[in-house]
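This report concerns only the one structure given below.
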Amino acid sequence: MSDNDPVLRIEDLLVRFNTRRGPLLAVSGVSLALEANEVVGLVGESGSGKTLTGLSVLGLEPPGATVGGHVWFRGEDLRAASHRRLGEVRGASIAMIFQEPMTALNPSLTVGTQVSEVVRRHQGLSRQAARARVLDLFDLVRLPGGARHLRSYPHQLSGGMRQRVMIAMAIACGPAVLIADEPTTALDPTIQAQIIGLLRDLRATLGMAVLLITHNLAVVRGLADRVLVMYAGHLLEEAPTDDLYAAPGHPYTAGLLGAVPRPDSDRDTRRLTPIPGQVPLLRGEPEHCVFSPRCPYAESRCLTAQPPLRPVGPARSHLAACVLDRIPDPAGAAL
Amino acid sequence: MSWVIARRAVIALVTLLLATVVVFAAVHALPGGPTTALSADSTDPAALAATMHVYGFDKPLPVQYGRWLGQVLSGQLGTSPITDIPVSTQLEQRLPITLELAVLSLLFAIAIGVPAGVAAAVRPGRVIDWVASAVALGGLSLPHFWFGILAILIFAVHLHVLPSGGFVPLANGLGGNLEHMAMPAIVLGTGLAAVIMRQTRAAMIEALGADYVRTARAKGMREWQVIWVHALRNSLMIVVTVVGLQLGGLIAGIVTVEEVFNIPGIGQLTLESVYQRDYPTLQGAVLLTAAGYIIVNLLTDVCYTLINPRLRVTATRGTT
Ligand SMILES: Nc1ncnc2c1ncn2[C@@H]1O[C@H](COP(=O)(O)OP(=O)(O)O)[C@@H](O)[C@H]1O
Ligand SMILES: [Mg+2]
């Protein structure tokens with residue numbers, strides 16, 4: 001394995017449900033790679049399949065999901081790994097944090113216990129050593145009050161403190177990959193900024209790759225090196241963060257960017273311009289571009305098949321799944 | 001927290017006081033009276049009247065109640081006009097027997113109900129779930145006397161593995177004691193085991209779908225830790241509540257089971273004193289049973305507060 005091999009590579013991920021109202025294709029052919037130390041943003045509206053993508057990496061998809069494809073981690077396909085092996089990888093090599101730190105923490109165990117059981121499980125530390133390690137971790141995530149909270153229960157902490165505890169749990173064993181699913185969505189704006197800052201610092205000091213899942217493009221902009229845009233189970237665009245913001249290659253991305261309040265604009269003219277319509281539920285592979293029903297530029301050739309990702313713009317690293325070579329109004333004002 | 005418990009204790013005491021009224025009224029509402037039973041031994045009306053006077057049965061009911069309440073408050077419960085043994089002595093002799101029976105059947109119910117509920121919840125809709133649920137339904141619908149007699153027929157009469165009834169004190173050896181207690185405890189505890197199983201199953205199914213269980217798995221916790229630590233901890237609250245609520249049913253079942261298996265506990269004492277219209281003994285036994293209910297409820301509340309960290313905190317805030 002050479003240095004620039006990706007540390008995690010998802011290949012052709014497919015997640016399907018058999019619901020009472022027929023099959024549901026939640027993730028369709030998603031492929032992505034994380035280089036060591038890289039922060040990749042996975043963005044898209046709610047319901048586009050981001051969480052399922054993250055969960056599938058660790059084999060945590062909900063019961064009833066049928067998952068296809070591969071998840072390559074250090075040369076091993078985790079989708080083919082045994083339960084036992086997954087148990088060794090989860091929380092040690094690949095860790096995950098979730099959106100809602102209140103429900104994601106166990107209400108009847110102290111946060112000290114919940115953090116220490118990770119290091120006890122994976123590093124075989126004694127009770128004493130684990131306790132010391134937990135205190136270090138509390139420092140590392142800048143949990144206000146630190147040692148005082150060893151015996152606190154989650155409901156005794158604020159939302160931001162709970163998320164710090166979640167992060168402490170996730171980084172406890174120095175994972176190579178951190179999957180952060182909407183880590184700031186449930187928090188107040190000021191706390192959001194603190195958590196983003198914390199994640200940025202931790203990435204720098206600990207050196208881990210981060211898959212940052214969010215529907216908030218502003219969060220991605222502050223943290224990610226590269227951005228993947230997901231819609232109705234499909235990847236529609238992939239680009240280095242700056243390139244994506246400078247010139248989105250897909251009308252959907254342009255629409256999402258239009259929905260971000262621009263900080264430079266005047267307060268009174270700052271407006272959210274959401275894309276009309278909503279994410280469709282796919283029963284099977286669509287015979288048209290998945291975004292075409294909501295796309296202002298849809299034309300007849302968009303209605304034959306889902307276009308594959310292809311290079312757009314000057315950089316080879318900028319890919320978009322659109323037949324257009326450039327979007328008529330990149331600012332997205334027309335949407 | 002101690003403030004909450006203190007408040008509960010005061011409520012319990014008031015309830016107990018009300019219970020004395022109810023017990024007294026209920027006992028005296030029984031058809032017949034002490035004369036019915038006493039007159040069997042003595043045909044002389046004058047002697048009978050003298051006895052009635054000694055025990056105060058010739059006084060108006062409110063006076064009798066006041067006298068009894070005074071005795072209760074001073075820790076005395078009177079003396080049986082039938083056997084001439086102080087009521088408190090009888091209760092002291094029989095209470096440990098009933099307590100042993102109750103504790104054994106509670107332990108049996110928990111030992112069976114919790115693991116069965118967990119096993120059913122881990123594989124909902126699978127064979128183990130069906131078996132556990134069917135057995136639980138059976139356990140719930142069996143009347144104690146019927147189940148008791150069936151058990152005697154099978155294990156004592158046909159298989160000769162257990163005695164059909166009677167009691168051996170603990171002091172005479174643990175083996176003999178347990179041999180006699182096993183069947184009654186199982187018969188008494190089966191219904192509770194079924195309730196515990198069902199509630200544990202429901203609570204565990206919910207817990208196993210919770211976000212924190214997903215977090216535990218994402219941390220790489222072993223499956224037994226996920227089930228028995230992370231999920232079960234949150235289900236225990238429900239189990240404790242149910243056990244508390246159902247212990248009343250257990251107490252009610254004690255009378256039947258003690259009678260079927262001929263165990264000389266409080267239940268049998270209650271029945272005997274009903275037959276003999278032994279008012280002081282009956283009042284004592286029923287009052288003790290009522291106190292049992294009230295104490296069980298109090299303990300349930302306390303357990304609930306101890307297990308639920310949320311209540312614990314609100315309660316602490318309440319004191320300061
Ligand atoms: N357990 C499930 N059963 C059926 N459908 C599900 C289940 N979980 C998720 N889905 C569907 O999969 C789609 C993608 O979900 P998700 O990955 O949570 O989206 P996102 O994280 O992007 O908001 C949603 O449309 C949702 O309805
Ligand atoms: Mg999500």
Side-chain angles (χ1 to χ4, degrees), chain A residues 51 54-55 57-64 83-111 113-123 151-156 162 165-166 168-170 172-173 175 178-179 181 186, chain B residues 1 114 118 120-126 129 200-201 203-241 303-320:
Chain A
T51 296
L55 291 174
V57 169
L58 287 174
L60 290 171
E61 66 277 1
H83 276 291
R84 198 193 139 91
R85 176 67 190 135
L86 274 179
E88 291 167 2
V89 172
R90 291 173 184 166
S93 309
I94 305 179
M96 187 156 181
I97 58 182
F98 300 96
Q99 173 167 352
E100 191 33 84
M102 183 67 225
T103 58
L105 289 171
N106 193 320
S108 40
L109 293 173
T110 64
V111 295
T113 304
Q114 295 187 60
V115 178
S116 77
E117 66 181 0
V118 190
V119 288
R120 298 194 67 190
R121 158 76 170 99
H122 294 294
Q123 300 176 336
R151 307 190 60 183
S152 294
Y153 288 90
H155 67 97
Q156 293 170 300
R162 282 178 213 138
V165 170
M166 277 298 293
M169 263 161 45
C173 301
L178 173 67
I179 301 173
D181 186 5
Chain B
M1 176 167 55
V114 170
V118 170
V122 169
R123 308 213 176 289
R126 298 292 195 70
D129 185 17
T200 306
R201 177 183 181 276
M204 280 296 286
I205 284 181
E206 191 183 328
L208 286 171
D211 279 1
Y212 57 79
V213 161
R214 185 176 66 183
T215 305
R217 294 205 169 108
K219 290 197 290 192
M221 303 318 291
R222 295 187 165 89
E223 198 56 21
W224 67 262
Q225 291 169 309
V226 171
I227 294 169
W228 294 96
V229 179
H230 282 265
L232 187 59
R233 252 204 195 234
N234 288 282
S235 311
L236 277 186
M237 225 135 46
I238 296 173
V239 174
V240 167
T241 314
C303 276
Y304 197 73
T305 316
L306 288 181
I307 292 184
N308 189 343
R310 262 170 239 252
L311 284 183
R312 190 150 64 205
V313 168
T314 1
T316 330
R317 283 210 189 107
T319 54
T320 51

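Just so we're on the same page: letters track the sequence lines, and every chain starts at 1.
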Whatever's closer than 4.5 Å to a heavy atom in chain B on A/Ile97 counts as neither
Okay, A/His83 and chain B: the region with an atom under 4.5 Å from a heavy atom over there is neither
At what distance, to the nearest 0.5 angstrom, does [atom1] of [X] lie from [atom2] of [Y]?
X: B/Gln225; Y: A/Arg120; atom1: CD; atom2: CZ; value: 9.5 Å
X: A/Gln99; Y: B/Asp211; atom1: CD; atom2: CG; value: 9.0 Å
X: B/Tyr212; Y: A/Met102; atom1: OH; atom2: CE; value: 11.0 Å
X: A/Arg121; Y: B/Met221; atom1: CZ; atom2: CE; value: 7.0 Å

Heavy-atom pair with the smallest gap, counting every atom of [X] and [Y]:
X: B/Lys219; Y: A/Met169; value: CD-CE, 3.5 Å
X: B/Asn234; Y: A/Ser108; value: OD1-OG, 2.8 Å
X: B/Ala218; Y: A/Leu60; value: CB-CD1, 3.5 Å

Residue pairs passing the side chain to side chain donor-acceptor pair (under 3.5 Å) test with at least one member in residues 84-94 of chain A, sequence neighbours excluded, are A/Glu76-A/Arg85, A/Arg85-A/Glu88
Salt bridge (charged side-chain N to carboxylate O under 4.0 Å, His left out) filter on B/Arg217, not counting sequence neighbours, yields B/Glu223
| message | With a 6.0 Å cut-off (strictly less than), is the heavy-atom count around CD of A/Glu100, excluding the residue itself, greater than 12? | response | yes
Taking B/Arg233 for the side chain and A/Leu109 for the main chain, is one N or O donor matched with an acceptor at less than 3.5 Å? no
Note: vs chain B, highest number of non-hydrogen pairs under 4.5 angstrom among A/Thr103, A/Leu105, A/Thr110 is A/Thr103
Okay, B/Ala210 and chain A: the region with an atom under 4.5 Å from a heavy atom over there is neither
